[in-house]
There are 2 protein chains.
Amino acid sequence: MAGNRQPTIKTVAARAGVGRTTVSRVVNGSDLVSADARARVLAAIKELNYVPNSVARGLVTSRTDSVALVIPESESRLGSEPYFAALIRGVSAALADTRTQLQLTLVRDQSERDQMIASVTTRRVDGVLLVSVHADDPLPGMLEEMGLPTVLAGRRDERENLSYVDSDNAGGAAAAVRHLLDRGRRRIATIAGPLDMDVGRARLAGWRDAHGEAGVPADEVLVQGGDFTEEGGRRAMRSLLERAPDLDAVFAASDLMAVGALAELRRQDRQVPGDVAVVGFEDSVLARHTHPPLTTVRQPVEELGRTMARILTDITRHGAERQQVTLPTRLVVRESS
Amino acid sequence: MAGNRQPTIKTVAARAGVGRTTVSRVVNGSDLVSADARARVLAAIKELNYVPNSVARGLVTSRTDSVALVIPESESRLGSEPYFAALIRGVSAALADTRTQLQLTLVRDQSERDQMIASVTTRRVDGVLLVSVHADDPLPGMLEEMGLPTVLAGRRDERENLSYVDSDNAGGAAAAVRHLLDRGRRRIATIAGPLDMDVGRARLAGWRDAHGEAGVPADEVLVQGGDFTEEGGRRAMRSLLERAPDLDAVFAASDLMAVGALAELRRQDRQVPGDVAVVGFEDSVLARHTHPPLTTVRQPVEELGRTMARILTDITRHGAERQQVTLPTRLVVRESS
DNA sequence: AAGCCCGGTGGGAACGTTCCCAAAACAGAT
DNA sequence: ATCTGTTTTGGGAACGTTCCCACCGGGCTT
């Protein structure tokens, strides 16, 4: 039993008394093969326990049936972990349907980034899924130029022309603010995300839009920049309270910043939601565990992953065109508003 | 620029005015090549932007420089998510050092399991890392028989003869119980894990060992089985309190069960740690957020991942033998004890 | 001056597939 | 019977590498 080499297509052909090509046809499900021959080949395959060598196949077809998912590890890992986990689940689920393998690449530093580029570039994958790419990162362009289809998680600006899947940041933000307006809040501050990122800009735009629709003037004094961290949220909240002590609500562009805001409000003895209502964005696990539980805008992260994978396979397998998809978000009302 | 095929080793050879072999030698860092030739080849590589095709290479070397990490998704995902995340981080970090790619396979159901076997078996990977394999699962054996080195996360029983990396379950449990004894507790109950799993058995053994060492009789009335879930922990705690109202401490074989125990203790108005001290096992994120924060045994999950990957590469790259490694655990004392 | 060794080199073969195309086998029609 | 057309078949070539081995040339030994 041991010692024998793996059977190849030739071994099978010999055993079944047919040519290589016929075996190949059977394996690949072609119907240009007689019932008789097919039966003999299948028997031989089973007897020999033959499994086609996908590397050899890949060499001639120049397809690997695997895609890379690249995740930068530098981004604050703690808050974002559940995000990545959900994303991976989604991607993996969609790929399983098309029998495509997932190559996961965590990129920690520049050297690992170079290594990732080398690996991806080396034709081991049919396409690439990229998470949190910065606006000025030349990588996606490079990849596409090398003939490697690429799909981004999150567009980089309003005019992104690569394939991407994003959640409806502006819409979600607007829904959050609309909800606050509905509850009678009129001085709604916002802790924005970094404005050099589309997420940051889009969520701020949503805040403006909702005010516009409702005919409530959007007071720019109520806008404070943040950096998506808890500490940043705390600082932003403090400076907002100084500038506009009369604010009665805050929309934070991320749950983590909302958590910081909650901490600062507690420190200054402002009741939530009594004095100030708070809404976050993302609906991470965090949101359920704050005091009080956080109203927030839910992103469909797992679906985002699924969609990314689906778009990529559409491109690699069926030669589809680039696609830009925006997924709806949903307001989850808890006790902070 | 566009339209041109990828350059191959032949293109480079022609451009540099040398033979294929010389290019190959330069690419693979052989030193049997003159400084002059090397320089010309390197220049040509840069000009043409040549990247060796790893599929072709794999065909002749029969190495893919990639390994599979197989994670069953069926296990209660919520509690275990941070575990998997840490594991993946560790594996990925160790693989990056050896320029090995990671193929991640989430297995949700039988059909995905079959697909995973097909893929792995098809020579796309050099080896396999398996997480949470059941004792009676024939998979690891099958894989090794096909010549695919396999490393398990967690041994399956005391006599496991495949490669595995496990944390010191018995030792960690004993440390936890010793700690409780040191604090003067004398009626230390335990909520055990499933006894058909080695983790469960080993942690229970630790509870016994610590009693033995200290000369305190281990009262079997104080042992209650659990299933690693929160609800199971709650039920176990209740039946323990009925049977042995005089208990003054509980060692739960998992954080999640400890959380359940805490809930039941609160319901019955027993103070923690005043009346009853509680210790868990794992040091998941949960542990920091319970009331009071949970004393627990920390498993070095990320290192577990790193070690698995290291062992596997030792085997695939250097023909090392199977290895069984047990990693030390560490007691993290918080306020529940 | 002849022989030998050794660093350096390159062409052929092989890895296990798929694809192309020509040919064999068979059937039906004249 | 011969021809034509359709189905079925299989061998050659190709995919882009690495490895084996044979060869070349120059310096060293004798």
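Numbered from 1 within each chain, the chains take letters A, B, ... in sequence-line order.
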Length of the CG-C1' vector between Asp36(B) and dG10(C), whole Å:
16 Å
Length of the line joining Leu59(B):CG and dA13(C):P, which is rounded to integer Å
17 Å
Does OP1 or OP2 of dT9(D) have a side-chain N or O of Thr22(A) closer than 4.0 Å?
no
Residue mapping more 5' on DNA chain C - nearest nucleotide basis, Gly17(B) or Ala56(B)
Gly17(B)
Atom-pair distance (CD1 on Ile9(B); P on dA14(D)), nearest Å:
18 Å
Whole angstrom is fine here: how far is it from CG in Asn53(A) over to C1' in dG16(C)?
6 Å
How close do Ser167(B) and Thr326(B) get, counting heavy atoms only, and between which atoms?
C-CG2, 3.9 Å
Heavy atoms only, 4.0 Å cut-off, all strands: where does Asp31(B) land among base, sugar-phosphate and nothing?
sugar-phosphate
Residues Asp36(B), Arg40(B): salt bridge by 4.0 Å N-O rule
yes
Do the side-chain N or O atoms of Ser34(B) get closer than 4.0 angstrom to the phosphate oxygens (OP1, OP2) of dG8(C)?
no
Of Asp97(B), Asp65(B), Asp126(B), the residue whose pairing with Arg317(B) passes salt bridge (charged side-chain N to carboxylate O under 4.0 Å, His left out)
Asp65(B)
Separation of atom CG in Asp65(B) from atom C1' in dT18(D), rounded to whole Å:
14 Å
Residue Val33(B), side-chain heavy atoms: nucleotide from dT18(C), dT9(C), dT18(D) that is nearest
dT9(C)
Given dG10(D), dG10(C), dT17(C), which nucleotide is nearest the side-chain atoms of Thr8(A)?
dT17(C)
Please classify the nucleic acid contact of Ala37(B) as base, sugar-phosphate, or nothing, using heavy-atom distances under 4.0 Å.
sugar-phosphate
Exam field: side chain Glu160(B) to backbone Arg156(B), donor-acceptor pair closer than 3.5 Å:
yes
Rounded to the nearest Å, what distance is computed from the CZ atom of residue Arg38(A) to the P atom of nucleotide dT8(D)?
10 Å
Heavy atoms only, 4.0 Å cut-off, all strands: where does Val18(B) land among base, sugar-phosphate and nothing?
sugar-phosphate
Less than 3.5 Å between a donor and an acceptor, one on the side chain of Arg25(A) and one on the base of dG10(D), is that the case here?
yes
If you go through the side-chain atoms of Thr21(A), does one of them form a donor-acceptor pair with the base of dG11(D) closer than 3.5 Å?
yes
Please determine if a side-chain N or O atom of Asn28(B) lies less than 4.0 Å away from the OP1 or OP2 oxygen of dT18(D).
yes
Can you tell me how far P of dC20(C) sits from CZ of Arg20(A), to the nearest Å?
15 Å
For Lys10(A) and dG12(D), give me the distance from atom NZ to atom P, rounded to whole Å.
10 Å
Is atom CD of Glu158(B) surrounded by more than 12 heavy atoms (other residues, nucleotides or ligands) closer than 6.0 Å?
yes
